[in-house]
Amino acid sequence: MMPFYQTSCSRNGSKAEQEKPTSLDSQPSFCSVPSIKSLCHDQSFSRNLETQHRCIANLKEQNSYTSSLVLGGKFLFTGSSDKEICMWEQKALTSTIDASIIDTVIAGKGAVKSLVILADKVFSAHQDHKIRVWRIENHDTDTPKIVHLATLPLLSDRAFKFMVPKNHVQIRRHKKSTWVHHVDTVSALALSNNESFLYSVSWDRTLKIWRTNDFKCLESIANAHDDAINALEISQDGDVFTGSADKKIKIWRKEEKKHLLVCTLEKHKSGVNALAVGRSSTSTHSVLYSGACDRSILVWEKDESGDMVLVGALRGHKKSILCLAVIADLVCSGSADKTVRVWRGVERCYSCLSVISGHSGPVKCLTVTSDQQIPSDTTSSYVLYTASLDGETKVWKIFVPFL
């Protein structure tokens, strides 16, 4: 049985149990956290697990790169660094059919930082401090369209809050804004498990909660972190995880009508860029994966008392971890080292199954789904979408042997 390694988790923001962060210096990754792979003494776990992959499609941007990806129904949606949102048909990307953009919309200014899907709606987070809502019309026809539905915060929400002085917050020395506004890049979005609420985080250090049926902003947590918030995830039990350039991961939980800080995780030695949530193979609890500029992916689980503990670290990338995705027992990680790694975790024992090269720039975002087209008695098949600062979005088939 692999031992647990207690986190520097502090309840309610207390620093009594926190460790002082140490400098990375020139080390490839920090040494205070044991590598999970080195703790797996059963070498038979990694034998006969050769994973095959091949690139099946390559989508090129003209003058920008893809900054966000999401799968919704039969479509792939991509957001670009040049304010475009494109809709592609998944089937065309994974077959011999020529892939082409079904529809494109241009919105706001700067990059589209995050995309989430809710039924026939797409929520997009933008560098211009806005969240936009889109409807997919005629999605069952040959000519589906992306139609703008709303921009958050709504005009009615802004006007109502503006009239009441207590709703104004100081954002700079001589400037105020209402608390419903993000005042810097909106970096990530996530939906609650019941899809009733949309969560957003920003480089303005706030966490906001919106109602999805009328797009009203219900709550804003100011100074949720000490620096820009880069990542956001929600566990199956409703806990909200935020990751920041301040090196911290914070856990928020709704108590009655407000979200409260319940725990702070401080094991990364540099800014946190990515979070992903999966299911533990040894319990019903969620597993949290966090990737940072320290080149390591940390794996967190809940112990018997419900506290988050650090199981260990996945190491192999040579530069910053920029994105993470989880499916089944696989973890996919994209890095500034231009590679994607595919990891498998079984009973807290992890192995790197594959290192995927092919991009000529940092891998900015990725998403993965099961492939239903090629049933097999010996392997599971997945479709992986990766996007890089080189301006290319690649589609990969991955074949993973059964255990």
Hey, does [Y] have a side-chain heavy atom less than 4.5 Å from the side chain of [X]?
{"X": "P144", "Y": "I102", "result": "yes"}
{"X": "D371", "Y": "Y382", "result": "no"}
{"X": "T66", "Y": "C365", "result": "yes"}
{"X": "V400", "Y": "T379", "result": "no"}
{"X": "L265", "Y": "L298", "result": "no"}
{"X": "L71", "Y": "V383", "result": "no"}
{"X": "V331", "Y": "V299", "result": "no"}
{"X": "F75", "Y": "I117", "result": "no"}

Could you pull out all residues at least two apart from S124 that satisfy side-chain hydrogen bond (donor to acceptor under 3.5 Å, both in side chains)?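 So S124 forms a side-chain hydrogen bond (donor to acceptor under 3.5 Å, both in side chains) with H126, W134.
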Backbone of [Y] reached by a side-chain donor or acceptor of [X] within 3.5 Å:
{"X": "S80", "Y": "D82", "answer": "yes"}
{"X": "S270", "Y": "D294", "answer": "yes"}
{"X": "S67", "Y": "G79", "answer": "yes"}
{"X": "D204", "Y": "H182", "answer": "no"}
{"X": "S335", "Y": "K319", "answer": "yes"}
{"X": "H148", "Y": "A150", "answer": "yes"}
{"X": "K208", "Y": "W179", "answer": "yes"}
{"X": "N273", "Y": "G291", "answer": "no"}
{"X": "S202", "Y": "D184", "answer": "yes"}
{"X": "Q90", "Y": "G73", "answer": "yes"}

[atom1]/[X]: more than 12 non-hydrogen atoms of other groups inside 6.0 Å:
{"X": "K338", "atom1": "NZ", "result": "no"}
{"X": "K74", "atom1": "NZ", "result": "yes"}
{"X": "E195", "atom1": "CD", "result": "yes"}

Qualifying residue for side chain to side chain contact (heavy atoms under 4.5 Å, CB included) with S200, from L207, I209, I131: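 Checked L207, I209, I131 against S200; only one passes side chain to side chain contact (heavy atoms under 4.5 Å, CB included): I131.
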Closest contact, heavy atoms only, [X] versus [Y]:
{"X": "Y385", "Y": "L69", "answer": "O-CD1, 3.7 Å"}
{"X": "A336", "Y": "P362", "answer": "CA-CB, 3.6 Å"}
{"X": "I356", "Y": "V342", "answer": "CD1-CG2, 4.1 Å"}
{"X": "W203", "Y": "S187", "answer": "NE1-CB, 3.6 Å"}
{"X": "D303", "Y": "V309", "answer": "OD2-CG1, 3.7 Å"}
{"X": "W396", "Y": "G358", "answer": "CH2-CA, 4.3 Å"}

Contacts of type salt bridge (Lys or Arg N to Asp or Glu O under 4.0 Å), residue [X], not counting sequence neighbours:
{"X": "D239", "answer": "R253, K302"}
{"X": "R211", "answer": "D214"}
{"X": "K83", "answer": "none"}
{"X": "D329", "answer": "R344"}

Test log, rule ring-ring contact (aromatic ring centres under 6.0 Å, His included), inputs F197 and H259: CA-CA 13 Å; F197 305 102; H259 287 76; 7.8 Å; no
Do H359 and Y65 have ring centroids that are under 6.0 Å from one another?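 Distance test on ring centres: not under 6.0 Å, no.
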Got a salt bridge between E392 and K394, using NZ or NE/NH1/NH2 to carboxylate O under 4.0 Å?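 K394 and E392: salt-bridged.
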Would you mind checking if D128 and R132 are paired as a salt bridge, meaning a charged N to carboxylate O distance below 4.0 Å? yes
Determine, step by step, whether S68 and K113 satisfy the side chain to side chain contact (heavy atoms under 4.5 Å, CB included) criterion, reporting the C-alpha distance in whole Å, the side-chain angles of both residues, the deciding distance to 0.1 Å, and the verdict. CA-CA 6 Å; S68 53; K113 302 294 288 185; over 6 Å; no
What verdict does the side chain to side chain contact (heavy atoms under 4.5 Å, CB included) test give for L152 and C217, after you've listed the backbone C-alpha separation in whole Å, the side-chain angles of each residue and the deciding distance to 0.1 Å? CA-CA 8 Å; L152 310 185; C217 187; over 6 Å; no
Only one of K250, K248, R205 clears salt bridge (charged side-chain N to carboxylate O under 4.0 Å, His left out) with D226; which? K248
Could you go through residues 135-142 and list every donor-acceptor pair under 3.5 Å that involves a side-chain atom there, pairing it with any protein atom two or more places apart or in another chain?
| residue | atom | partner | partner atom | Å |
| --- | --- | --- | --- | --- |
| T141 | OG1 | N138 | O | 2.7 |
| T141 | OG1 | T143 | N | 3.2 |

Quick one, V363 with C323, criterion side chain to side chain contact (heavy atoms under 4.5 Å, CB included). Give me CA distance, side-chain angles, the key distance, then yes/no. CA-CA 8 Å; V363 180; C323 50; 4.1 Å; yes
Here's a test for you: under side chain to side chain donor-acceptor pair (under 3.5 Å), which of N230, T242, T206 qualifies with H225? T242
Could you check S64 against E84 for side chain to side chain contact (heavy atoms under 4.5 Å, CB included), going step by step and ending with a plain yes or no? CA-CA 9 Å; S64 62; E84 286 188 346; 5.5 Å; no
Value rounded to 0.5 Å, distance of [atom1] in [X] from [atom2] in [Y]:
{"X": "L310", "Y": "S290", "atom1": "CG", "atom2": "OG", "result": "7.5 Å"}
{"X": "S235", "Y": "W300", "atom1": "OG", "atom2": "CH2", "result": "15.0 Å"}
{"X": "L366", "Y": "S388", "atom1": "CG", "atom2": "OG", "result": "11.0 Å"}
{"X": "S286", "Y": "D237", "atom1": "OG", "atom2": "CG", "result": "5.5 Å"}
{"X": "L232", "Y": "S244", "atom1": "CG", "atom2": "OG", "result": "12.5 Å"}
{"X": "L384", "Y": "T369", "atom1": "CG", "atom2": "OG1", "result": "10.5 Å"}

